[in-house]
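Report on one structure; see the data block that follows.
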Amino acid sequence: MGKISALKGISNTFQKHQASYSSPRKRPHKRDHAWLDVSDDDLEVRSAKKQASSSKGMHNQNHAHGPRKKPRVSAPAHLPGREPIQMQRQQLPIYAGKDAVIDVIRQNDVTVLIGETGSGKTTQVPQYLLEAGLAGSGMIAVTQPRRVAATSLASRVATEQQTSVGSVVGYSVRFDEASSSDTKIKYLTDGMIVRELLGDPLLSRYSVVIVDEAHERTLRTDLLIANLKTILQARNGSASAARDRKGKGKGKAQEPSGKLNPLKVVIMSATLEAEKFSKYFGGAKVVYVKGRQHPVTIYHTATSQPDYVDAALRTFFQVHIDQGPGDVLIFLPGQEDIESLEKSIDLYAKQLPKESLGVIILPLYASLQPAQQAKIFASTPPGMRKVILATNIAETSITIPGVKYVIDTGKCKEKRYVAKTTGTGFDTLLTRDITQSSAVQRAGRAGREGKGYCFRLYTEESFKKMPATAEPEIRRCTLTSSLLQLRCLGQNFEELDFMDQPDEGSVASALKTLFLLGALDHTKSLTPLGRQMAAFPLEPPLARALVASAEWGCTAELLTIVSVLSASSKLFVDTHDAREEAADARKKFRHASGDHMTVLNVVKAYEDVSQSEGKKARKDWCRRMFVNERCLAEAANIRAQLRDVCEKTGVDWKASAEGGQDAEARVLRAMVAGLVQNAACLQPDGSYKQLMGPSVVKIHPSSSLADKKVPAIIYDELVFTTQIYARGVSAVPRSFIAEVPVFKRRSG
DNA sequence: GAGCACTGC
């Protein structure tokens, strides 16, 4: 493309990608980015071994078409809603290979099915299997990493089956379930099926388990896959598919049992990891299904761009001035960069000549208010161009219509746990380079409705140096919660055969934490306390604090605090622009002991407003106080769920310390029981040093205790950004920490 | 004195 002259003094030089993704003639190797190309066959079946050495597979015999002369670029990505639903189903790419898919799954215990969005695999395969009678007397489970996907897929498939959700087709996600004794196809989150595993270790209710989006490799998907391997041995005998790679994972589940109903496993994934999944399951069959994507032309910069925000600014205006209509999507790592770029684009856009298109700038990130997020779906008015500044959220979770140009900074933020064997590790949250699969995914966002263009703000060299795929979560997350769940199943990280084994240090760290919380004893066996903790859908330290609240008669308070802390959004809204206002508002709720009691104050105030005034007044109040209503609503849901678990496990959830003089002390004592490892003491030089670990930590400036000097603190978490910050901090007397049973146990 | 991608029970 060469140099595009745009605004004076702001231009980038781009080079067209050498191996263009958009060429209809060139057929890329399967493991490359075939999905951006619409190629001539819809489905191939082949074994993984053949696939590794050859790019030419055995064509599906049911596939009647010859090679197409023209790529299907003109075919609409979304079919008109007026067409009869059964016709729509038949026009999906996977329909051509329906019989082949059914046959392969019928003949194999494990099938790896590769297909991009638009192929129809997630909605159609479960229906094919049901219609072919493969469900037998059991159910077909389809797992998803995200809640919204599980619920919306269920309603789509229910419509296709001409029933309502909850009958033949159902779903199961946290806080919400729609299923009945008629249910044959159930969409559920991976976290939910791992929970089911605790009560039904062989997943005996299911005849087929389909693991969708397996390439995302969430911690829960990896736990499920490892368990599916042992379940296959138990339910199908020593079938070839369950052949044991490492000779590990041998337990009681190994005994073949004729009585158990056999299990079929289908792994659905993106191209890059197909072989890995196949190998893991002893050479499972791999089935390929083509998706529907329009071609995207990719450009790389000629030189690397250290200031990616500035490069994005220049590139945006090059596109805006030189290119035809179509919206622009810019990928940035975080809120801060988004806000900064938003200001710059706004500034330059005002200087554009009158006859050029107007610019609508739309930020998009997870913590943005839903009303703001919704703006991206409004259609672009004539004479205008939308530019969306987004984080990773636009890579998988939200699909934006109308995007023709993607600008990719090649950066993202990644949370990574740095393990310390003392159990006192911390999270880092740092900007880093994205992976190749992420880059391909981002580019693909330009080709959803027609021909698209992607401008990468990094060189082709840099692209080639990127890691192919992200490291699976099991290698970079805290394992405490998963280890507790595994111990409930009588399993260990070391003995289970995972696709990727976790880091030894992380396992040691998790063991230490669970031991200190009293969930495991010195022989690493599960204690009754541990089993009780596992019943709560909480991180183990919070579960421990909640259980401890029974001793101190403050369960009502702890339920509130723990619910807010485990909600996915933050309690306080904090935008850069109104930082001081927000801080002022927050002062009204501040409790001298710190952030945990402050949470109680906020919830109490919110409940008062809710009771005395209407919904609108409540909303206004939240806005004025910079309180995030989404967080409070989610916390109320969690609280109700936790209350049910209390009821079942015999914890008196009504017990309250309210009004008593020692209310604060009792609440803090319960918190300390869960956060023993998260304690730090003031040192003579004014810094805080971890009590059970080596690090010096600083109270995060967002805390109500920022800059305060108190003898000892406990905190919710440590995050390293520019230094190690403690977040969610309370001041506690040192004696509270010393009195925690684990210290007594040590000395006694 | 400063910032936080995403998801799950």
Next item on the list: With heavy atoms under 4.0 Å as the rule, sort A:Ala706 into base, sugar-phosphate or nothing.
Entry: base

Margin query: Ring of A:Tyr417, cation from A:Arg476 - is the NZ or CZ under 6.0 Å from the centre and inside 45° of the axis?
Written below: no

Check: Could you give the OH-to-P distance, from A:Tyr365 to B:dC6, as a whole number of Å?
Finding: 10 Å

Next item on the list: For the residue pair A:Ile210 and A:Val142, establish whether any side-chain heavy-atom pair is separated by less than 4.5 Å.
Entry: yes

Note to self: Looking only at the side chain of A:Arg174 (C-beta and beyond, no hydrogens), which of the listed nucleotides B:dC4, B:dC9, B:dG1 gets closest?
What the structure shows: B:dC9

Next item on the list: Assign A:Phe175 to base, sugar-phosphate, or nothing according to its heavy-atom contacts below 4.0 angstrom with the strands shown.
Entry: nothing

Note to self: I need the residues from residues 539-550 of chain A with at least one non-hydrogen atom less than 4.0 Å from DNA chain B; give them sorted by number, or say none.
What the structure shows: A:Glu539

Note to self: If you only use heavy atoms from C-beta on, which nucleotide in B:dG8, B:dC6, B:dA2 is closest to the side chain of A:Arg220?
What the structure shows: B:dG8

Check: When the nearest nucleotide of DNA chain B is assigned to A:Ser566 and to A:His700 on a heavy-atom basis, which residue is associated with the more 5' position?
Finding: A:His700

Note to self: Using the side-chain contact (heavy atoms from CB on, under 4.5 Å) criterion, which residues pair with A:Asn392? Sequence neighbours excluded.
What the structure shows: A:Glu395, A:Cys412, A:Arg442

Check: Roughly how many Å is it from CG in A:Asp337 to P in B:dA2, rounded to a whole number?
Finding: 17 Å

Margin query: Does A:Val194 reach a base, just sugar-phosphate, or nothing at all? Heavy atoms under 4.0 Å.
Written below: nothing

Note to self: Can you measure A:Asp176 atom CG to B:dC9 atom P for me and round it to whole angstrom units?
What the structure shows: 10 Å

Next item on the list: Examine B:dC9: is either OP1 or OP2 under 4.0 Å from a nitrogen or oxygen in the side chain of A:Thr189? Give yes or no.
Entry: yes

Checklist line | Of the listed nucleotides B:dT7, B:dC9, B:dG1, the one nearest the side chain of A:Pro537 | finding: B:dC9

Check: Whole-Å distance between B:dA2 P and A:Ile724 CD1?
Finding: 15 Å

Next item on the list: Flag this pair as yes if the NZ/CZ of A:Arg727 is under 6.0 angstrom from the six-membered ring centre of A:Tyr715 and inside a 45 degree cone about the axis; otherwise no.
Entry: no

Next item on the list: Any chance you could lay out the ring-ring contact (aromatic ring centres under 6.0 Å, His included) test for A:Phe498 and A:Phe493, step after step, and finish with the verdict?
Entry: CA-CA 8 Å; A:Phe498 285 98; A:Phe493 273 111; 5.6 Å; yes

Notebook entry, point to check: A:Lys415 has a side chain; which of B:dC6, B:dC9, B:dG8 sits nearest to it?
Noted result: B:dC6

Notebook entry, point to check: What integer distance in Å separates A:Leu224:CG from B:dG8:C1'?
Noted result: 13 Å

Note to self: For A:Phe720 and A:Phe426, take the angle between the two ring planes, folded into 0 to 90°, and tell me which bin it lands in: parallel under 30, tilted 30 to 60, perpendicular over 60.
What the structure shows: tilted

Margin query: Let's see if you can work this out: which of B:dC9, B:dA5, B:dC4 has an atom nearest to the side-chain heavy atoms of A:Thr391?
Written below: B:dA5

Note to self: Is it the case that B:dC4 (base atoms only) and A:Arg727 (side chain only) share a donor and an acceptor within less than 3.5 Å, ignoring hydrogens and angles?
What the structure shows: yes

Checklist line | N-O pairing of A:Arg586 and A:Glu581 below 4.0 Å | finding: no

Next item on the list: Respond yes when some side-chain nitrogen or oxygen of A:Arg432 is under 4.0 Å from OP1 or OP2 of B:dA5, and no when none is.
Entry: no

Item checked: A:Tyr417 OH - B:dC4 P separation (whole Å) -> 19 Å

Notebook entry, point to check: Which distance, rounded to the nearest 0.5 Å, do you find between the CG of A:Leu565 and the CG of A:Leu675?
Noted result: 8.5 Å

Item checked: Nearest-angstrom distance from the residue atom OH of A:Tyr308 to P of B:dA5 -> 11 Å

Check: Could you state the CZ-C1' distance from A:Phe331 to B:dC6, rounded to the nearest angstrom?
Finding: 13 Å

Note to self: Need one value for A:Tyr725: base, sugar-phosphate or nothing, where a base atom within 4.0 Å counts as base even if backbone is also close, heavy atoms only.
What the structure shows: sugar-phosphate

